[in-house]
Enquirer: 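Mind having a look at this structure? Questions to follow.
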Amino acid sequence: MSEEKGVIVIEASSLEEAKVIAAQEWGISPGDVVVNLVEEEKKLFGILGKRLKVEVRPLYPLDLIRAQKMLGELLKKMDLNVSLSLTEDNTINISGDDAGIVIGRYGETLRALEHLINLMLNRNTDSSFKVLLDSDGYRTRREESIKRIATSAARKALSRRKPVGLQPMSSWERKVVHMALQSMDEVETRSVGQEPRRRVIVSPKQTLARKKEGARRNFNAD
């Protein structure tokens with residue numbers, strides 16, 4: 001058995017056996033293994049069967065497949081009727097009768113599960129692999145909602161002339177806020193706090209300018 005760049009070359013008597021060997025090596029299901037026949041070699045005129053040299057690779061990144069397994073076991077313990085599927089952008093999609101329970105209020109449960117799965121996935125490694133959780137397009141709908149929230153917060157910060165704090169968000173959600181408001185010259189955004197309670201503060205730039213001017217005046221007065 002040899003391995004290079006996530007691909008393993010295995011000698012086996014069949015493609016199915018190669019899948020099983022690779023799955024055991026990686027700790028995943030044989031259904032998550034893709035095989036490609038490299039070479040077929042017969043032994044003793046075929047009397048003792050044949051040996052195949054097979055190139056195998058995981059269907060998706062190994063960390064994503066392992067995260068799906070962790071999440072599946074966790075949701076099973078919660079007795080939730082859902083199914084999981086993977087996409088090319090490192091996302092685990094959750095669908096089924098109980099998907100709404102997994103999402104939770106404003107996506108809070110989904111966000112907490114995403115944070116937990118990433119902690120479990122990277123707890124014993126130096127990997128920075130990040131898994132995203134979604135539920136039948138919820139992230140797209142949530143993104144549009146966050147953009148509206150960000151715009152509303154910016155308007156509020158400008159009308160009140162003071163910073164406005166948003167609810168805690170995931171790193172992806174905070175990025176949506178920063179991107180949504182980056183074209184507004186009158187406001188600026190910054191993230192504060194620790195995960196999973198980290199949130200965005202939207203501030204009018206003129207407020208910050210007045211604070212700096214006030215600090216200069218106080219310094220000169222001293």
Side-chain angles (χ1 to χ4, degrees), residues 1-103 109-140 170-172 175 195:
M1 180 186 299
S2 61
E3 181 173 3
E4 182 179 357
K5 295 183 180 179
V7 176
I8 294 180
V9 176
I10 295 174
E11 288 190 357
S13 59
S14 68
L15 297 180
E16 290 304 315
E17 182 185 15
K19 281 188 175 184
V20 171
I21 294 173
Q24 292 175 343
E25 174 73 16
W26 288 325
I28 62 177
S29 168
D32 291 320
V33 177
V34 178
V35 298
N36 178 42
L37 180 62
V38 176
E39 182 181 335
E40 180 176 342
E41 177 182 301
K42 293 185 178 181
K43 288 189 174 182
L44 294 178
F45 306 101
I47 297 176
L48 298 180
K50 59 185 179 181
R51 299 296 293 175
L52 306 179
K53 184 175 288 187
V54 183
E55 183 181 84
V56 296
R57 61 178 176 82
L59 183 59
Y60 293 95
L62 281 175
D63 282 339
L64 183 60
I65 296 174
R66 289 164 180 158
Q68 180 189 31
K69 182 178 179 180
M70 292 177 188
L71 181 61
E73 293 173 349
L74 183 59
L75 296 178
K76 184 177 180 180
K77 291 180 180 178
M78 297 169 67
D79 197 27
L80 296 178
N81 182 21
V82 296
S83 59
L84 307 178
S85 58
L86 304 180
T87 65
E88 296 293 342
D89 58 349
N90 297 340
T91 298
I92 303 176
N93 185 65
I94 305 168
S95 59
D97 295 339
D98 295 330
I101 298 175
V102 178
I103 293 174
T109 305
L110 190 69
R111 184 169 66 246
L113 279 173
E114 182 178 285
H115 180 68
L116 177 61
I117 291 300
N118 279 298
L119 283 178
M120 293 170 63
L121 185 65
N122 299 310
R123 61 184 173 182
N124 296 321
T125 68
D126 295 329
S127 172
S128 59
F129 189 88
K130 294 295 182 183
V131 172
L132 303 177
L133 300 188
D134 196 6
S135 181
D136 296 332
Y138 172 79
R139 290 180 71 91
T140 299
S170 66
S171 59
W172 166 74
K175 183 178 180 180
E195 298 288 5

Enquirer: Which atoms form the tightest heavy-atom contact between Glu114 and Leu132, and what is the distance?
Expert: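 Taking Glu114 first and Leu132 second, the nearest heavy atoms are OE1-CA, 3.4 Å.
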
Enquirer: Going by side-chain contact (heavy atoms from CB on, under 4.5 Å), Val131 matches just one of Asn90, Asn122, Leu121. Which one?
Expert: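 Going through the options one by one, the only one that passes is Leu121.
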
Enquirer: Please report the shortest heavy-atom distance between Lys53 and Val9, naming the atom on each side.
Expert: CG-CG1, 3.5 Å

Enquirer: NE2 of His115 to CE of Met120: how many Å apart, nearest 0.5 Å?
Expert: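 The NE2 atom of His115 sits 12.0 Å away from the CE atom of Met120.
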
Enquirer: Mind checking salt bridge (charged side-chain N to carboxylate O under 4.0 Å, His left out) for Glu195 and listing every partner two or more places apart, or none if nothing turns up?
Expert: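 Glu195 satisfies salt bridge (charged side-chain N to carboxylate O under 4.0 Å, His left out) with Arg174 only.
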
Enquirer: Main chain of Val38, side chain of Glu55: is a donor-acceptor contact present, judged purely on distance under 3.5 Å?
Expert: no

Enquirer: Without placing hydrogens or testing angles, list every side-chain donor-acceptor pair under 3.5 Å for residues 92-103, not counting sequence neighbours.
Expert:
residue, atom, partner, partner atom, Å
Asn93, OD1, Asp136, N, 2.8
Asn93, ND2, Asp136, OD1, 3.1
Ser95, OG, Ser83, OG, 3.1
Asp97, OD2, Asn81, ND2, 3.0
Asp98, OD2, Asn81, N, 2.6

Enquirer: Which pair of heavy atoms, one from Ile8 and one from Ile10, lies closest together, and at what distance?
Expert: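 Where Ile8 meets Ile10 most closely, the heavy atoms are CG2-CG1, 3.4 Å.
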
Enquirer: Could you report the tightest heavy-atom contact between Ala23 and Pro30, atom names first, then the distance?
Expert: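 That closest heavy-atom pairing would be CB-N, 3.6 Å.
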
Enquirer: If you compare all heavy atoms of Asp134 against all heavy atoms of Leu110, which two are closest, and at what distance to 0.1 Å?
Expert: CA-CD2, 4.4 Å

Enquirer: NZ/Lys19 to CD1/Ile28 distance, rounded to the nearest 0.5 angstrom?
Expert: 11.0 Å

Enquirer: Check Arg111 against Ser170 and note the closest heavy-atom contact, atom names and distance.
Expert: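 Between these two residues, the closest heavy atoms are CD-N, 3.2 Å.
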
Enquirer: Between side-chain atoms of residues 58-79 and protein atoms elsewhere (two or more places apart, or another chain), which donor-acceptor pairs fall under 3.5 Å?
Expert:
residue, atom, partner, partner atom, Å
Tyr60, OH, Leu86, O, 3.3
Arg66, NH2, Trp26, O, 3.2
Gln68, NE2, Leu84, O, 3.4

Enquirer: Apply side-chain contact (heavy atoms from CB on, under 4.5 Å) to residues Arg139 and Trp172 and explain how you reach the verdict.
Expert: CA-CA 10 Å; Arg139 290 180 71 91; Trp172 166 74; 2.9 Å; yes

